[in-house]
S.K.: 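Please read through the structure below; I'll follow up with questions.
Only heavy atoms go into these numbers, but all of them, side chains included; no hydrogens, no water, no symmetry mates. One-based numbering, in listed order, for ligands and for the atoms of each.
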Amino acid sequence: MATTHNLGFPRIGAKRELKFGLERYWKGESSLGELKALGAQLRARNWASQQNLDLVPVGDFSFYDQVLDISFTLGNLPARVQGFHGDPLDNYFRVARGRSARGADEHAACCGGVAAGEMTKWFDTNYHYIVPEFTADTTFTLDASRYVEQLAEARAQGVKAKPVLVGPVTYLWIGKSKDDSDKLALLPRLLPAYAQLLATLAEQGAEWVQIDEPVLITELAPEWREALRSAYAALAGGPAKLLLATYFGQLQENLPLVCELPVQGVHLDAVNAREEVDALVAQLPADRVVSLGVINGRNIWKTDLNGVLDWLEPVARQLGERLWIAPSCSLLHVPVDLASEQKLDAEVKSWLAFALQKLDELNVLAQALRNGRDAVQAELSANRAAIQARCASPRVNDPAVKAAVQAVTAALGRRQQPYAVRAAKQAELLKLPAFPTTTIGSFPQTADIRRARSQYKAGELDEAGYRAAMRAEIARSVREQEALGLDVLVHGEAERNDMVEYFGEQLDGYAFSQFGWVQSYGSRCVKPPILFGDISRPKAMTVEWIEYAQSLTGKPMKGMLTGPVTILNWSFVRDDQPRSVSCHQLALAIREEVLDLERAGISVIQIDEAALREGLPLRRAQWQEYLDWAIESFRITANGVRDETQIHTHMCYSEFNDIIQSIADMDADVITIETSRSDMELLDAFDDFKYPNEIGPGVYDIHSPNIPTEAHIVQLMQKAAERVPAQRLWVNPDCGLKTRQWEEVIPALANMVAAARTLRGQA
Ligand code: GLN
Ligand code: ZN
């Protein structure tokens, strides 16, 4: 009873071994053989950590991205990399990262340079995959070697392997047609490759194959539903048994479809779709396996095991051998091992579970189901004690914060006067020219800055020394901006390690791990702060730095803050209250900071909401609810100021079409966005909507080392002026400059300022 399995394990390593191995190889400091050996070692270690499971995932390991892996398995390589005659793994990295034709790599001369594949977010996670590319001519040729090799390794290790792969319909759905052809038309060509792959996996001894179709939790157009029907009609009946895996949400209207597909088992995310368990059990034919994802694979909290057993036991009695249990989704989205944490606050640590601990929890549940709760009484009571302690902890519950959120009214989020009135008052106070120039906040994080920060953290530099070093950097930024002739200055964010962590470290209710890394893409990892309790701000977080910067110049100095929605979306958040409540708490804390900045004489304040869009739920039907509380939170943060105080917000993307009403509802006086790569066409959303406030469309692509010319910037701004009245336009880069070098930034900004002057002459 209750077969245990896992959908996927983090491959980056508990100490980010894969990251460092990849980077060594890319820098030419290690050989391909060494890199491949590291991969085998990590797989062996990951399987050993999962040995208590009845079925262990194989094929989830990846040197870069599991979607790019399946593209290579299916022989769907972009035309630009076909014909490469080096090692296939090198070719794989060419697609993942791109290669310059003049680069040092040994095939640059013969095989030329290639552009990297586009990257985008895997459903609503912070994991980015390489987007499969399709054209009307795309064909598929199976190369199952990766699976065959890994299955052989698993066999040698005595692992009960269950290969995992992205399913054919999800594969098409997440890809992009490069020639506007219909990607679904490729399905008949794709399915034989999948059928052949499944046959190969069975030949290699796999009894079960996990085939992931997370599209099933989204709203699907009829042709996509039909594609699922025809795909599984074609793939069923092969030698391997198929476990159709769905995760990240509820099936809703797709539940009957799922039950209809002729697979041997279905995995449901029983954390997000707990209320669908009964319907699935009732509707799924009686010979099917029901796999329930009972442990949250997306957060870092201990599971309430007793609570899960309360509902799971009756289901288990009903299903008997047909029940499987697993985490809700692949554990790719959580850090590896809580035991690595040496500095984490002990109380908070006692509430947490990372990947390995989640698998331990799964084992406890399985034993309780098989042998009764008494068999694991010690584990269950320790778990109960931890859950209760967290629930009751004064660190989690702050009655004053709860009361403040309760007392929030719409008035708190409203500016005193409408934009037009404010704009006139702000113009009088700030006396800015037409086409005012500014930057998005950060200036280069130089080696000196990073050295000072690490010395300070290691105790080699005292607080006074660190502050002096940061002040010197701020002074340098101000000097450079004055010399460039920018109109609204920034302090440069030298003192910030990260735009979320910086605030999390100063707010009560946050904790920080040492090794809580999660893969974001390739070798890049993020370490989201852990929001565990009611949020409050013990003291001002930015005021001293901004006041100091303002003291160095007669020009307006922009106060720089991260908004509540972005802080929330880039953190591990609480599972014991709605996200909206945590967001409102953050909003109230940052509102205090905004008001403190205003009191300190700062008349322009920017509140970044870089992650607002990415928080949108996967189902459109749920968008409005999210937007309502997200926008309300921003308004609470921003709108307590006087009419004269100018509020900016910044978002690093340019798709606003479908959320433009909400963006307008934020009522920021100025919004800066990313547009330089899209040639200003994306301003159409603002034009069509008649967006009423000021806009700074980015004219300098900060992701590229290229220096934009004055003429190019003028041209972009002229295009912008066709869409937004010139008197409401600002001139600024796409995003912050922290990843660039001063040598690039100075000429680029000089061209930007020159362009603004030219535009003023023309206006
Ligand atoms: N103010 C931040 C910076 O300039 C904004 C970064 C972002 O939007 N991602 O770095
Ligand atoms: Zn940005």
Side-chain angles (χ1 to χ4, degrees), residues 119 121 126 128 437-446 449-450 453 470 473-474 477-478 480-481 486 488-504 520-521 524 526 528-529 541-542 545-546 549 557-571 590 593-594 597 602 604-615 634 637-638 646-656 663 666 668 670-678 682 695-704 730-742 744-745 748-749 752:
M119 216 166 46
K121 274 171 189 284
N126 203 8
H128 300 73
T437 53
T438 191
T439 60
I440 306 304
S442 56
F443 274 109
Q445 286 267 328
T446 60
I449 298 179
R450 283 198 298 268
R453 185 151 34 246
M470 294 304 117
E473 292 292 341
I474 291 171
S477 295
V478 173
E480 297 289 7
Q481 294 173 85
L486 286 150
V488 173
L489 310 196
V490 297
H491 79 299
E493 303 181 24
E495 79 290 4
R496 302 187 188 174
N497 36 357
D498 173 278
M499 65 189 283
V500 170
E501 195 167 86
Y502 180 77
F503 291 93
S520 172
Y521 65 91
R524 285 288 196 100
V526 293
M541 303 181 281
T542 64
W545 299 113
I546 308 290
M557 175 61 56
K558 225 177 352 177
M560 193 58 59
L561 302 171
T562 303
V565 187
T566 298
I567 295 184
L568 183 87
N569 285 343
W570 286 347
S571 300
I590 302 176
E593 189 73 15
V594 170
L597 283 168
I602 302 301
V604 183
I605 301 170
Q606 177 174 315
I607 304 162
D608 290 329
E609 284 293 16
L612 187 122
R613 190 182 168 94
E614 71 183 54
F634 178 87
T637 302
Q646 186 172 68
I647 295 288
H648 290 219
T649 189
H650 164 70
M651 296 179 191
C652 336
Y653 42 82
S654 44
E655 296 158 61
F656 290 99
I663 299 297
M666 289 165 76
V670 182
I671 180 171
T672 56
I673 58 175
E674 176 188 311
T675 32
S676 69
R677 275 180 294 185
S678 64
L682 291 146
I695 309 180
V699 288
Y700 161 18
D701 175 7
I702 61 92
H703 299 98
S704 149
W730 286 63
V731 185
N732 48 262
D734 267 348
C735 193
L737 300 163
K738 64 171 164 245
T739 57
R740 300 257 65 94
Q741 311 284 320
W742 276 108
E744 299 160 343
V745 162
L749 293 180
M752 193 183 92

S.K.: Using the salt bridge (charged side-chain N to carboxylate O under 4.0 Å, His left out) rule, take Glu614 and Lys121 through it: C-alpha gap first, then chi angles, then the decisive distance, then the call.
M.R.: CA-CA 9 Å; Glu614 71 183 54; Lys121 274 171 189 284; 3.3 Å; yes
S.K.: How far apart are the closest heavy atoms of Asn569 and Ala611, and which atoms are they?
M.R.: ND2-O, 2.9 Å
S.K.: Could you name the protein residues that come within less than 4.0 Å of ligand 1, counting only heavy atoms, and order them by chain and residue number?
M.R.: Ile440, Gly441, Ser442, Glu493, Met499, Met560, Asp608, Ala610, His650, Cys652, Cys735, Gly736, Lys738
S.K.: About how many Å separate OG of Ser477 and CG of Leu737, when rounded to the nearest 0.5 Å?
M.R.: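 One finds 10.0 Å between CG of Leu737 and OG of Ser477.
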S.K.: Using side chain to side chain contact (heavy atoms under 4.5 Å, CB included) as the criterion, list what pairs up with Thr438, not counting sequence neighbours.
M.R.: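 Here the qualifying residues are Val488, Lys558, Trp730, Asn732.
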S.K.: I want to check something: taking the side chain as every heavy atom from C-beta on, are Arg524 and Val526 in contact at a cut-off of under 4.5 Å?
M.R.: no
S.K.: Is there side-chain contact between Met470 and Ile449, with heavy atoms separated by less than 4.5 Å?
M.R.: yes
S.K.: Say you draw a straight line from CZ of Phe634 to CE of Met666; how long is it, rounded to the nearest 0.5 Å?
M.R.: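 The CZ atom of Phe634 sits 4.0 Å away from the CE atom of Met666.
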S.K.: Is there a side-chain contact between Leu486 and Met752 (heavy atoms, below 4.5 Å)?
M.R.: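 Answer yes - side chains close enough.
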S.K.: What pairs with Asn497 under side chain to side chain donor-acceptor pair (under 3.5 Å), at least two apart in sequence or on another chain?
M.R.: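 Per chain and number, Asn497 pairs via side chain to side chain donor-acceptor pair (under 3.5 Å) with Glu501.
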S.K.: Given a threshold of 2.8 Å, state how many protein N/O/S atoms are nearer than that to the Zn ion (ligand 2).
M.R.: 3
